[in-house]
Every structure is written in C-alpha cells, then in structure tokens.
Amino acid sequence: MLLAWCAIFGAIFYSNFLTNLPDVKNLLATGPTRDVTILDDRGRLIARRGLSQGRQVNVSELPAYVPNAFIAIEDRRFREHFGLDPIGMARAGISNMMAGHVVQGGSTLTQQLAKNLFLTPSRTFDRKAQEAMLAVYLESRYSKDQILTLYLNRVYFGAGVFGIEAASEKFFGKHADELGLTEAAMLAGSVKAPARYNAIADTDASLARAQVVLRAMEDTGFINDKSRIQAQATRPRIMKGSGTPQSGYFADWVLSRLDGFIGDATEPVIVETSFDLETQAMAERAVAQTLDDEGARIGASQAALVAMTPDGAIRAMVGGRSYSESSFNRASDAERQPGSAFKPFVYLTAFEHGHTPDDIMRDGPVDIHGWKPSDFEGEFQGDITLTKAFAESSNVIAAQLTDQVGAKEVARTARRLGIISPLAEVSSLALGTSGVTPLELTGAYVPFANGGEGVLPFGIVSIRTKGGKILYERKGSALGAVMSPANNAAMTKLMVETVTTGTGKAARLDERPSAGKTGTTQDSHDAWFVGFTADLVCGVWIGNDNSAPMHKTRDLTATGGGVPAHIWHAFMEDAEKGLPAQPLIGTTLVAQADAQSPPQTDDDKKPDAFERILSGIFGGT
C-alpha cells in the first residue's frame with residue numbers, strides 16, 4: 001500500500017515538472033544564422049561575422065574521435081547511463097569532498113544539453129531538478145547519437161560561436177568533418193571554460209587543455225598511446241584572421257548596412273569591400289601613436305579617422321582608441337560639432353553669391369542680431385582677404401558671410417555636398433555648431449578633392465554567396481556636379497593656403513600638394529582636421545566621449561591644427577609613400593576651362609561671377 005502511494009505521489013511530482021518543461025519537439029530542425037565573410041580590396045580577410053551557429057552536423061558525419069573527445073572529457077559513461085549518472089555523481093562528490101572544494105562536476109552531457117537549451121544558470125533546487133527531469137525526458141525521446149548531435153550543434157565554444165561546425169570554421173578554417181584529432185581535443189577541452197580555452201583567446205592554454213583531453217581519450221580506450229603522442233606533438237593552424245586590431249569598426253559598419261542590400265537572407269555570403277588592410281594599419285598606427293603621446297598631454301582620450309578615395313571609396317576607418325575596449329564607432333555614429341571645419345560650406349555659398357577669394361572684409365567686433373562672435377583667443381586682424389580669413393579661421397568673417405547669404409543657404413550647400421545630420425539654420429551655423437559625424441564630414445569634403453562631383457561614401461563593392469551567386473554589385477554612386485569648376489578652384493586655393501600659411505600648417509605634406517581645414521569647438525570639446533591630396537580625402541577627430549574639454553600645454557594646443565593635424569600628417573605621409581605626386585584637381589580646372597573656351601568678342605567681356613572668382617584666384621582686375 002505504501003509503495004502504491006509513493007508511486008502515485010511520484011507520478012504527480014514528475015507530471016508537475018513535465019508541465020513546466022519546455023517543448024522539445026523539432027530540436028533537430030534548427031538552422032544556421034547568417035554567416036558573413038568580409039574581404040578587403042585584395043581579397044584578404046577583414047572579419048567573419050554573424051556565424052553564431054553553423055550548419056547542423058550529424059554525429060555520424062564526423063570522425064569517431066570527434067564525439068569521443070567530448071565523451072572522454074565530459075561524460076565517460078554517456079553510452080551507459082539514462083540521462084543521469086549516479087556513479088559519476090558519487091565519484092564527483094567524493095573527489096570534491098576530499099579536495100575541500102569543487103574539482104569535478106557530475107552533470108552528464110544530456111544534463112548539459114538540457115541546461116544549455118532551456119534553463120537559466122541559477123543554482124536553485126527547482127532548476128537542478130528541472131535539469132535532471134529534462135535530461136531523463138530527452139533520453140526517452142532521442143537516441144544517444146541524436147543527443148550527441150544536439151549537444152555538439154548547440155554547445156558554446158567561445159568567441160561568439162555555438163556548435164561544432166561554426167567553431168571548426170571559426171578557429172581552424174575547415175568543416176567539422178575535416179577536424180584532426182588535436183583540433184577535436186582543443187574543441188572538447190574548451191567547453192569547460194570557453195572564454196579561457198578557445199583557440200583564438202589563448203592558443204597555448206587551448207593546447208594545454210587539449211593534452212588533458214587526449215590523456216582522457218587514451219584512458220577510456222578511444223585512442224592508443226601512439227595516437228596520443230602524435231596528436232600532442234601537433235600544433236594546428238589557428239584562423240585568427242588577417243584583420244587589423246581596429247578593423248572591427250569597419251566590419252560592424254558593413255554589417256549594419258547589409259540588410260539594405262540583401263534583405264533578410266540567411267545564406268552564407270562574401271562581401272567584397274573597398275577597404276585596404278595596409279592603409280588601415282597605417283591609420284591605426286598614426287592614431288595610436290599620436291593619441292597616446294600628444295593626445296594624453298592635452299586630455300584627449302578618443303579619436304576617429306576616415307580615409308576615402310576621391311570617388312568616395314572608404315579605404316580606412318578607425319572608430320576609436322580600441323575596438324576591444326569599446327566597439328562604439330565614433331567615425332560613423334558620433335555626432336560632434338565640427339567647429340571651423342564647417343566653414344568650407346560657408347565660403348562656397350559666399351562664392352556662389354558673388355564673393356571672390358580676394359574680396360576684403362573686416363575682421364573686427366561685430367553684432368549680428370545680438371550675437372557677438374569672437375575669434376580664437378579674442379584677437380582681430382582688421383581688413384583681410386577672404387583667403388586669409390579662411391586660412392586663419394576668422395569666426396567673425398564667417399559669421400558675416402553667413403548673415404549675408406543666409407544660414408538657410410549655407411545649410412542647403414552643406415546638404416548638397418553630403419551632410420545628412422540635421423542642421424540648425426541659425427547664424428551660429430557658420431561656426432559649426434550643429435553636430436556631424438566624421439564619416440559624413442569627410443564625405444562632404446570629397447567634392448573639393450575630385451573637381452566638384454558629389455558622392456555617396458561607400459565600402460561595399462559586391463556581395464555574393466559562397467556558391468558564387470552575385471547578390472549585389474556596385475554600379476556607381478556619383479551624384480553629379482555640386483559646384484562649378486571656378487568655385488572648386490577657389491575653394492582649393494583657400495584650403496591650400498590653410499596648410500601653407502594658416503592654422504593647418506602642421507598637416508602640410510612635404511613632397512606633394514595638399515589642402516584642408518582645421519576645426520575647434522568652443523572650450524576645445526572637439527578638434528578636427530579634414531584634408532585631401534589628389535589620391536585620398538581624410539578626416540580626423542579627437543576629443544572625449546563625455547565631451548570633457550581638452551586643454552593646451554606650453555607647447556601643444558587643443559585645436560584642429562594640433563593633434564588632429566599631426567595624426568593626419570603621419571597617416572597621409574605613410575599612405576602616400578611611393579605614389580607619384582599629383583596636382584590637386586582644383587588647381588588645374590581653370591586652365592582646362594580657358595583652353596576649352598571660344599575666343600571672346602568685346603561684347604563678351606562683361607565681368608560676371610565666374611570672371612570675378614577667377615580674378616580673385618589669380619589676383620587680376
């Protein structure tokens with residue numbers, strides 16, 4: 001009678017747990033997540049992302065030593081128990097008691113599968129009881145090989161990957177059915193502590209752990225002494241990738257844009273980009289060395305750099321000091337005030353409304369509807385040309401020009417050239433008070449470098465499946481002319497003067513023409529330098545994530561002409577090395593226009609805006 005009541009209560013207890021257990025139907029039907037391989041312009045690996053779980057592999061497809069490695073180190077009696085292993089639990093309990101602390105676990109592979117699939121990591125009685133019940137339930141529903149298949153396809157191996165196929169490709173660059181004995185032992189050994197023992201995090205620790213697995217495999221009779229010795233002497237090739245330490249910023253940026261090209265397709269794809277790992281390494285080196293030295297001295301903790309060709313192809317992207325410490329991409333996502341780096345849009349608008357580079361305006365106290373802008377350090381220069389005003393970054397004259405042409409027109413010009421962030425159409429827009437990202441500001445400078453053509457900065461060149469099917473191929477993104485040749489020539493003159501005699505002298509390159517503009521915000525919260533050669537357009541920002549102001553030292557200012565210009569110079573000197581020095585396009589446009597113009601009659605020689613600008617450029621009358 002007592003046994004009957006025990007059976008009844010046991011059945012009720014078991015039934016109560018079963019009603020709270022998750023559904024285990026169709027566990028074998030789970031498919032892979034998106035697998036994206038990102039390559040640079042020479043086909044070199046930048047990163048592989050999105051492969052959190054590879055294709056499902058049946059245990060029967062694998063060499064016998066692969067599942068046996070997991071059984072040997074995790075659950076030697078896997079083939080004999082019913083989901084729970086009382087003998088193993090007792091053995092673990094005795095070992096732990098003798099050691100005085102936990103040295104051995106008693107969970108079976110089936111229990112680990114139950115926990116990994118459905119349960120929280122809490123150590124409550126209910127959770128442990130559910131784990132045990134679910135393990136027994138799984139054993140009643142699936143064969144041992146099916147449970148092994150589920151386990152190997154769901155277990156976490158570290159470095160963001162689940163499942164043996166994803167781990168095999170991530171760590172060794174091969175499919176799971178191609179794994180060698182040593183590789184199998186490394187994967188099996190990593191399960192205990194994936195973050196510590198995965199092959200990428202610490203190859204030596206992973207190999208040392210594999211030695212333990214191999215000895216366990218020999219003890220259980222899965223391999224012989226000769227195989228163990230040979231495997232222990234083998235050091236597999238680890239796929240750590242060829243990407244640079246900070247190229248993750250670009251990889252993340254590519255991934256964030258992928259849906260717009262291929263939708264929600266989940267098949268593995270290969271993305272070919274305009275990125276160049278060698279150029280990226282140069283950018284990272286310039287940022288790290290200058291930021292660690294000069295940046296630290298002025299209180300700048302972060303920097304961003306974007307470099308692209310005159311057609312908008314991104315060649316390098318540094319989104320911060322360290323991707324491993326902070327994956328936030330300051331190059332593409334941080335909106336910061338550009339300060340005087342916004343002034344090219346003011347001056348271009350002014351030239352489009354009839355001003356010329358040699359027009360003279362007064363740099364002095366001014367009141368614009370109650371706003372009284374001042375120059376850096378409060379010094380005024382009196383009557384100066386617009387060329388000098390630009391090169392010396394006069395706030396007063398930029399404010400006056402904006403007042404004359406209208407902030408709305410300046411904002412319209414900036415948007416036409418590529419600024420997409422919201423712009424406040426107020427007088428202070430002249431001084432760059434509306435936030436922009438380094439990526440969009442650099443892209444908006446590209447028309448100054450390429451002769452006046454608007455572009456959409458891009459990084460993705462083509463996307464194809466691993467089988468070779470083309471899903472996307474770039475056909476071009478030129479937006480047409482966004483300024484006249486004469487205005488492009490005028491702006492080039494101003495930006496050349498900036499690096500020759502003005503605030504950007506520290507950025508000037510020794511052996512090739514260069515041009516650009518500095519930018520510093522009020523109280524030195526942000527500092528910029530954006531410039532170009534005939535080959536590259538590059539933008540640099542420095543500052544702090546919390547917008548804390550930087551400070552000057554006795555020999556170093558917290559301005560765009562300081563650390564940003566030094567980073568730009570260091571990077572561009574490396575990136576341009578070995579390339580022939582070429583003139584800036586803006587300096588050749590006027591000569592080309594003159595050569596194509598028909599002879600003029602006396603009636604044709606009435607001065608117009610185009611002639612006034614040319615006159616201003618060359619000092620004519």
May I ask you to test the [X]-[Y] pair for a side-chain heavy-atom distance under 4.5 Å?
{"X": "L494", "Y": "P357", "result": "yes"}
{"X": "N198", "Y": "Y156", "result": "no"}
{"X": "P344", "Y": "F390", "result": "yes"}
{"X": "M572", "Y": "S514", "result": "no"}
{"X": "F345", "Y": "L429", "result": "no"}
{"X": "T279", "Y": "F571", "result": "yes"}
{"X": "L441", "Y": "V530", "result": "yes"}
{"X": "H355", "Y": "L401", "result": "yes"}

Can you confirm whether the side chains of [X] and [Y] place a donor and an acceptor under 3.5 Å from each other?
{"X": "Q246", "Y": "S322", "answer": "no"}
{"X": "K517", "Y": "S393", "answer": "yes"}
{"X": "K343", "Y": "N395", "answer": "yes"}
{"X": "T244", "Y": "E284", "answer": "yes"}
{"X": "T290", "Y": "E294", "answer": "no"}
{"X": "T533", "Y": "E576", "answer": "yes"}
{"X": "D358", "Y": "T385", "answer": "no"}
{"X": "Q337", "Y": "T433", "answer": "no"}

Please check if atom CD in Q522 has more than 12 non-hydrogen atoms from other residues, nucleotides or ligands closer than 6.0 Å.
-> no
Report the residue from I419, V405, T349 that forms a side-chain contact (heavy atoms from CB on, under 4.5 Å) with T413.
-> T349
Give a yes or no on whether a salt bridge exists between [X] and [Y], defined as a side-chain N under 4.0 angstrom from a carboxylate O.
{"X": "D202", "Y": "R196", "value": "no"}
{"X": "E409", "Y": "R412", "value": "yes"}
{"X": "E272", "Y": "R474", "value": "no"}
{"X": "K388", "Y": "D363", "value": "no"}
{"X": "E573", "Y": "R508", "value": "no"}

Between F532, F529, W528, Y445, which is the residue that forms a ring-ring contact (aromatic ring centres under 6.0 Å, His included) with W568?
-> F529
Can R315 be said to sit on top of F275's aromatic six-ring, NZ or CZ under 6.0 Å from centre and within 45° of the ring axis?
-> no
Please identify each residue that fulfils side-chain hydrogen bond (donor to acceptor under 3.5 Å, both in side chains) with S427, with sequence neighbours left out.
-> none
How many angstroms lie between CD1 in I314 and OG1 in T273, if you round to the nearest 0.5 Å?
-> 9.5 Å
Side-chain atoms of residues 301-308: list all donor-acceptor pairs with protein atoms under 3.5 Å, sequence neighbours left out, distances to 0.1 Å.
residue: S301; atom: OG; partner: N544; partner atom: OD1; Å: 2.6
residue: Q302; atom: OE1; partner: R321; partner atom: N; Å: 2.8

